[in-house]
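Written out below as structure tokens is the structure these notes cover.
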Amino acid sequence: MPDYREKLDLWIGCVEDAALAAELRSMRDAGDDVAIADAFFRDLEFGTAGLRGVIGAGTNRMNIYTVGRATQGLADYLNAHFERPSVAIARDSRNKGELFVRHAAAVLAANGVTAHVYPRIEPTPALSFAVRDLGCSGGICMTASHNPAPYNGYKVYGFDGCQITSEAASDISAAIAKVDPFSGVKTASFDEGVEAGLIRWIDEDTLDRYIDAVAAAGVDPGSEADLKVVYTPLCGCGRECVERILERIGVTDVVVVPEQGEPNGKFPTCEYPNPEERAALQKGIDLCERVRPDLLLATDPDADRVGVAVKDEGEYVLITGNEMGVLLLDYLARRAVEEGGVLDGRIAVTTIVSSTMVDALAGKYGFSVRRVLTGFKYIGEIVGELEACGEEGRFLFGFEESYGYLNGTYVRDKDAVDASMLICQMARYYKARGMNLAQAMRALYEEHGYFRNKTLSFSFPGADGAASMADLMACLRNDPPTRLAGRIVVERVDYQPGEKGLPPANVVEFIVEGGHKVVLRPSGTEPKVKAYLFASGPSASAADAVVSELGDDVRGFVDRFC
């Protein structure tokens, strides 16, 4: 293992922040080579999702020096590409978020870049909206989405309100690489930036316009049925905007989970504040058992994703991300047809790792389906392309399996505020017809067949993890499995050189006889490889059995590299 003590000593000699300096000295005095290596074995990687990592001291950590260095690189990039650049900045409830926002704004101001800052925590989609609403050159959101409490992140947006493209990320990363984190970062005080007019607070009108835009995207059947909702923001930033939009559409019987209602970056009620996880929703489910609502809504810490639970056959069940995407897509198409609309020419956009059940819906209603790489920015890019041609009205809906949804064109990112509104409107529609959302999903399965999906996640931590992940992906390409779930692999699709009209991506897909498939890819923000399993069948048990068999084979293959 390389000796990273030189980097540690350099940081000890340069760091002025008292808390970080104490952490560095403690690391040195303990002589923990593993901890030192993990903190310094690399620079925190900047990619299309920006930065994301554990808060702390070191080059592989989120701190004011890695944030400052990234912001200096971003400022250099913006000044090279825009005459008078400006950036909108937001944050969620995560620890150090306000510190990182103020530091980033000060660095931008010192470089002559105007920073428009939300004065309090706001949802990530509100940042995407502000970029376009204020005519900014880019955006920054301090968030680590659903990661555990020790994490924070630095997500960068382009002038179009989308997360940055691979090309922009590469250019910004190159600019960052030229910056020394201690001597190469220009900065001034936050107050000086405000006085100079280079740091400006985003006013309430911008947020009001965002809420108006969300409301305009609604598809409300009218007040066919009252709805009672339990809602948890999971100690994140969603409460203000979600409550506002639900009140706007007439859903006023909303009970907030008290233990998770206020912002708290420690996320004390659950290790993973992820609406995909039942443990994160357990406080809400417990409250549901007492107050008996029609559904539970749970937004993640930065309020771009939403999870739902409903009581069905005596217990609360979670609607998966794929199921909710299918439900919402069917609802939007159904309502359009009921109102006399024609869906020929309309477009639904989803990802290569999302449910194949959308193809069955497309066959029924007549809309077309576009599949993109993982990451909602690719869905946002499709919306932008339609808008550039004056055809934004063709966009029907976009979703990804990881609980992200959007049906409007006012932002270029997934939006849990919009999704919460649509889910409640859909729940009212089905309640008036004597059904809950779980029953509505079963009806779709009975009509189109049972489509099952499962995601497996394999961790590759530490300094050796990246090499192990690379070995795994190389083996998938050079010595791939020929049978999965006892069935022949009929096709392997390697997206690395660019396939199906998509940009190059480190993704491998296996098509298994019978129409089943497996997709594997490294996570863009964590030291993990994810495997997405897809199966379908005439019954739930038949499809579940194939998914289980696929999972067993994939685990056996991947475990050789973990």
Side-chain angles (χ1 to χ4, degrees), residues 1-2 4 33-49 52-54 59-60 146-148 150-151 166 271-272 274 276-277 351-354 373-375 401-402 453-499 502-512 516-535 546-562:
M1 177 182 293
Y4 296 103
D33 289 339
V34 174
I36 295 170
D38 193 47
F40 288 99
F41 83 91
R42 65 171 185 171
D43 291 343
L44 198 61
E45 185 177 355
F46 185 93
T48 55
R52 187 176 296 180
V54 173
T59 59
N60 188 36
H146 57 278
N147 283 83
Y151 284 77
S166 298
E271 183 178 2
Y272 294 94
N274 184 349
E276 298 180 51
E277 302 287 341
T351 73
I352 60 173
V353 299
S354 298
L373 295 176
T374 307
E401 45 72 43
S402 56
N453 317 97
K454 186 173 185 178
T455 302
L456 303 178
S457 185
F458 302 92
S459 295
F460 292 82
D464 298 329
S468 296
M469 286 195 293
D471 289 344
L472 167 61
M473 297 307 294
C475 188
L476 288 170
R477 292 183 168 95
N478 301 324
D479 188 20
T482 58
R483 297 182 70 87
L484 289 167
R487 296 161 174 83
I488 297 172
V489 175
V490 297
E491 182 182 4
R492 178 174 59 86
V493 182
D494 183 1
Y495 289 87
Q496 187 71 73
E499 285 288 336
L502 302 178
N506 190 11
V507 180
V508 180
E509 177 179 280
F510 298 94
I511 309 298
V512 182
H516 318 300
K517 71 175 183 177
V518 174
V519 181
L520 295 102
R521 71 175 185 91
S523 170
T525 56
E526 303 168 90
K528 294 180 179 180
V529 169
K530 292 186 176 182
Y532 302 85
L533 317 177
F534 302 82
V546 177
V547 165
S548 179
E549 293 169 5
L550 289 171
D552 289 342
D553 285 353
V554 169
R555 288 188 193 92
F557 190 91
V558 175
D559 283 348
R560 293 157 46 191
F561 299 87
C562 290

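Predicted, not measured: the structure shown is a model, and the values here were computed from it.
- Without hydrogens or angle criteria, T455 side chain to Y532 main chain gives no donor-acceptor distance under 3.5 Å.
- Residues L476 and F557 form a side-chain contact, since some pair of their non-hydrogen atoms from C-beta on lies under 4.5 Å apart.
- Under the ring pair (Phe, Tyr, Trp, His ring centres under 6.0 Å) criterion, F46 pairs with no residue, sequence neighbours left out.
- The closest donor-acceptor contact from the side chain of S459 to the backbone of P461 lies at 3.5 Å or more, if one exists at all.
- Between A37 and Y4, the shortest heavy-atom contact is CA-CD1, 3.5 Å.
- Looking at N60, its side chain never comes within 3.5 Å of a backbone N or O of R42 through a donor-acceptor pair.
- Scanning both residues, F534 and S354, for their nearest heavy atoms gives CE2-O, 3.3 Å.
- In this structure, the side chains of V558 and V529 stay at 4.5 Å or more apart for every pair of heavy atoms.
- Sorted by first and then second residue, the side chain to side chain donor-acceptor pair (under 3.5 Å) pairs with a member in residues 479-493 read R487-E549; sequence neighbours excluded.
- Residues K517 and L550 come closest through the heavy atom pair O-CD1, 4.1 Å.
- In terms of heavy-atom proximity, R477 sits nearest to A505 at NH2-O, 4.1 Å.
- Around the CD atom of E499, the shell of radius 6.0 Å holds more than 12 heavy atoms that belong to other residues, nucleotides or ligands.
- The heavy-atom pair separating D494 from V507 by the smallest distance is OD1-O, 3.6 Å.
- Taking each heavy atom of I352 and E509 in turn, the nearest pair found is O-OE1, 4.3 Å.
- Considering only heavy atoms from C-beta on, M469 stays 4.5 Å or farther from F458 through its side chain.
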